[in-house]
Engineer: 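Below is a structure I'd like to ask you about.
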Amino acid sequence: MAKITYVEFGGKEHVVDVPNGLTVMEGARDNGIPGIEADCGGACACSTCHVYIAPEWVGKLPPKEAMEEDMLDFAWKPDPVRSRLTCQLKVTPALEGLVVHMPEKQI
């Protein structure tokens with residue numbers, strides 16, 4: 001289990017424990033956190049689970065795969081360094097303390 005902080009666009013924080021093996025997107029969905037819509041259910045077929053990773057976490061995450069890179073092209077104001085799709089981030093103990101910031105909107 002990892003404690004993950006989800007920060008809404010307006011600054012409200014949600015700190016939740018997410019079980020290992022789930023994705024960061026599933027952690028948001030299962031805890032009713034607004035700002036991550038996950039329209040495709042985690043199939044990496046949309047960009048509605050887009051977040052900006054806290055700068056100190058960027059180098060600690062696995063690299064983006066080609067499909068995630070492609071889907072991020074459709075996200076709201078993607079950042080080439082900090083943008084990630086939460087459906088592609090599998091929770092492990094290594095993600096303890098991860099902080100993700102939601103964009104202004106999902107498209």
Side-chain angles (χ1 to χ4, degrees):
M1 188 155 308
K3 192 171 295 300
I4 298 176
T5 301
Y6 300 85
V7 183
E8 292 182 45
F9 180 72
K12 183 176 181 180
E13 293 186 3
H14 304 268
V15 181
V16 297
D17 290 319
V18 181
N20 294 333
L22 292 184
T23 63
V24 175
M25 180 273 296
E26 291 168 320
R29 179 200 64 203
D30 294 352
N31 288 282
I33 296 170
I36 294 180
E37 297 171 11
D39 288 346
C40 75
C44 199
C46 71
S47 64
T48 62
C49 68
H50 169 235
V51 296
Y52 302 110
I53 301 298
E56 65 272 16
W57 276 93
V58 171
K60 298 177 185 177
L61 298 177
K64 298 172 203 166
E65 293 189 8
M67 185 179 285
E68 181 179 4
E69 289 274 8
D70 289 346
M71 286 295 106
L72 281 168
D73 288 341
F74 300 101
W76 174 258
K77 296 186 179 180
D79 178 287
V81 175
R82 294 183 52 217
S83 286
R84 294 299 301 259
L85 297 180
T86 55
C87 69
Q88 298 303 295
L89 298 173
K90 207 54 115 174
V91 175
T92 68
L95 292 190
E96 176 67 30
L98 175 66
V99 178
V100 299
H101 297 264
M102 267 70 95
E104 182 178 358
K105 63 182 178 177
Q106 300 284 0
I107 55 174

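For reference, positions follow the sequence shown, starting with 1.
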Engineer: For Ile107 and Thr48, which heavy atoms make the closest approach, and how far apart are they?
Structural biologist: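 Distance-wise, the nearest heavy atoms are O-CG2, 3.5 Å.
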Engineer: Which atom names give the shortest non-hydrogen contact between Glu104 and Trp76, and what distance separates them?
Structural biologist: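 Closest approach of Glu104 to Trp76, heavy atoms only: CB-NE1, 3.7 Å.
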Engineer: A side-chain contact here means heavy atoms from C-beta on lying under 4.5 Å apart; do Asn20 and Pro93 qualify?
Structural biologist: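 Counting from C-beta outward, Asn20 and Pro93 do come under 4.5 Å.
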Engineer: Would you say Gln106's side chain and His50's backbone share a donor-acceptor pair under 3.5 angstrom?
Structural biologist: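 Yes.
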Engineer: Can any side-chain N or O of Tyr6 pair as donor or acceptor with the backbone N or O of Pro34 at less than 3.5 Å?
Structural biologist: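 Side chain of Tyr6 to backbone of Pro34: no pair is present.
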Engineer: Rounded to the nearest 0.5 Å, how far does NE2 of His14 lie from CD of Glu8?
Structural biologist: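 Going from CD on Glu8 over to NE2 on His14, the span is 3.5 Å.
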Engineer: Is there any salt bridge (charged side-chain N to carboxylate O under 4.0 Å, His left out) pair reaching into residues 26-35, and which pairs are they, with sequence neighbours excluded?
Structural biologist: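 Pairs touching residues 26-35 that pass the test: none.
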Engineer: Using only atom types and a distance under 3.5 Å, with no angle test, would you say the side chain of Glu68 pairs donor to acceptor with the backbone of Leu85?
Structural biologist: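 Present.
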Engineer: Applying the 4.5 Å side-chain criterion to the ILVMFWY set and letting contacts propagate, would Val18 and Trp57 be lumped into a single cluster?
Structural biologist: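 Yes; Trp57 is reachable from Val18 via cluster members.
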Engineer: What about Val16 and Val91, same hydrophobic cluster or not, with Ile/Leu/Val/Met/Phe/Trp/Tyr joined at side-chain heavy-atom distances under 4.5 Å?
Structural biologist: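 Same cluster: Val16 reaches Val91 through Ile, Leu, Val, Met, Phe, Trp or Tyr contacts under 4.5 Å.
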Engineer: Out of curiosity, Leu95 CG to Leu61 CG, how far, rounded to the nearest 0.5 Å?
Structural biologist: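 Going from CG on Leu95 over to CG on Leu61, the span is 6.0 Å.
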Engineer: How far does CE of Met102 sit from CD of Glu37, to the nearest 0.5 angstrom?
Structural biologist: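 One gets 11.0 Å once the value is rounded to the nearest 0.5 Å.
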Engineer: Can you measure from NZ (Lys90) to CG (Leu22) and round to the nearest 0.5 angstrom?
Structural biologist: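 It is 7.5 Å, given to the nearest 0.5 Å.
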Engineer: Drop me the distance from Tyr52's OH to Arg82's CZ, to the nearest 0.5 angstrom.
Structural biologist: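 Reported value, rounded in 0.5 Å steps: 8.0 Å.
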Engineer: Please report the closest heavy-atom contact between Cys87 and Gly42, naming both atoms and the distance.
Structural biologist: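 Answer, listing the atom of Cys87 first, then Gly42: CB-CA, 3.6 Å.
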Engineer: Measure from the side-chain N and O atoms of Lys64 to the backbone N and O of Ser83, and report whether any donor-acceptor pair falls under 3.5 Å.
Structural biologist: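 Yes; judged by distance alone, with no hydrogens or angles, the pair exists.
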Engineer: In this structure, are over 12 heavy atoms from other groups packed under 6.0 Å from Lys105 atom NZ?
Structural biologist: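 Counting other residues, nucleotides and ligands, NZ of Lys105 stays at 12 neighbours or fewer.
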Engineer: Decide yes or no for Asp79 and Lys77: does some side-chain heavy atom of the first lie under 4.5 Å from some side-chain heavy atom of the second?
Structural biologist: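 Sidechains of Lys77 and Asp79: no contact.
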Engineer: Would a 4.5 Å heavy-atom cut-off, applied to side chains only, mark Val100 and Ile53 as touching?
Structural biologist: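 They are in contact (side-chain heavy atoms under 4.5 Å apart), so the answer is yes.
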Engineer: Has Glu13 got a side-chain atom pairing as donor or acceptor with Val7's backbone, closer than 3.5 angstrom?
Structural biologist: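 It does not hold such a pair.
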Engineer: Under a 3.5 Å distance rule, please check whether Ser47 uses its side chain to pair with a backbone N or O of Phe74 as donor and acceptor.
Structural biologist: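 Yes, because the side chain of Ser47 sits within donor-acceptor range (under 3.5 Å) of the backbone of Phe74.
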Engineer: Which pair of non-hydrogen atoms, one from Arg84 and one from Pro63, has the smallest distance, and what is that distance?
Structural biologist: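 For Arg84 and Pro63, the tightest heavy-atom pair comes out as NH2-O, 3.9 Å.
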Engineer: Between Thr23 and Leu89 (side chain of the first, backbone of the second, donor and acceptor by atom type, cut-off under 3.5 Å), is there such a pair?
Structural biologist: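 Pair absent, no side-chain N/O of Thr23 close to backbone of Leu89.
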Engineer: When you group the ILVMFWY residues by side-chain heavy-atom contacts below 4.5 Å and let the links chain together, are Val15 and Val51 in the same group?
Structural biologist: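 Result: no, two separate clusters.
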Engineer: So, taking the atom named CD in Glu65 and the one named CE in Met71, what distance separates them when rounded to the nearest 0.5 Å?
Structural biologist: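 Between Glu65 CD and Met71 CE, I get 13.5 Å after rounding to 0.5 Å.
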Engineer: Can you see which heavy atom on Pro19 is nearest to which on Asp17, and at what distance?
Structural biologist: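 In this case the closest contact between Pro19 and Asp17 is CD-O, 3.9 Å.
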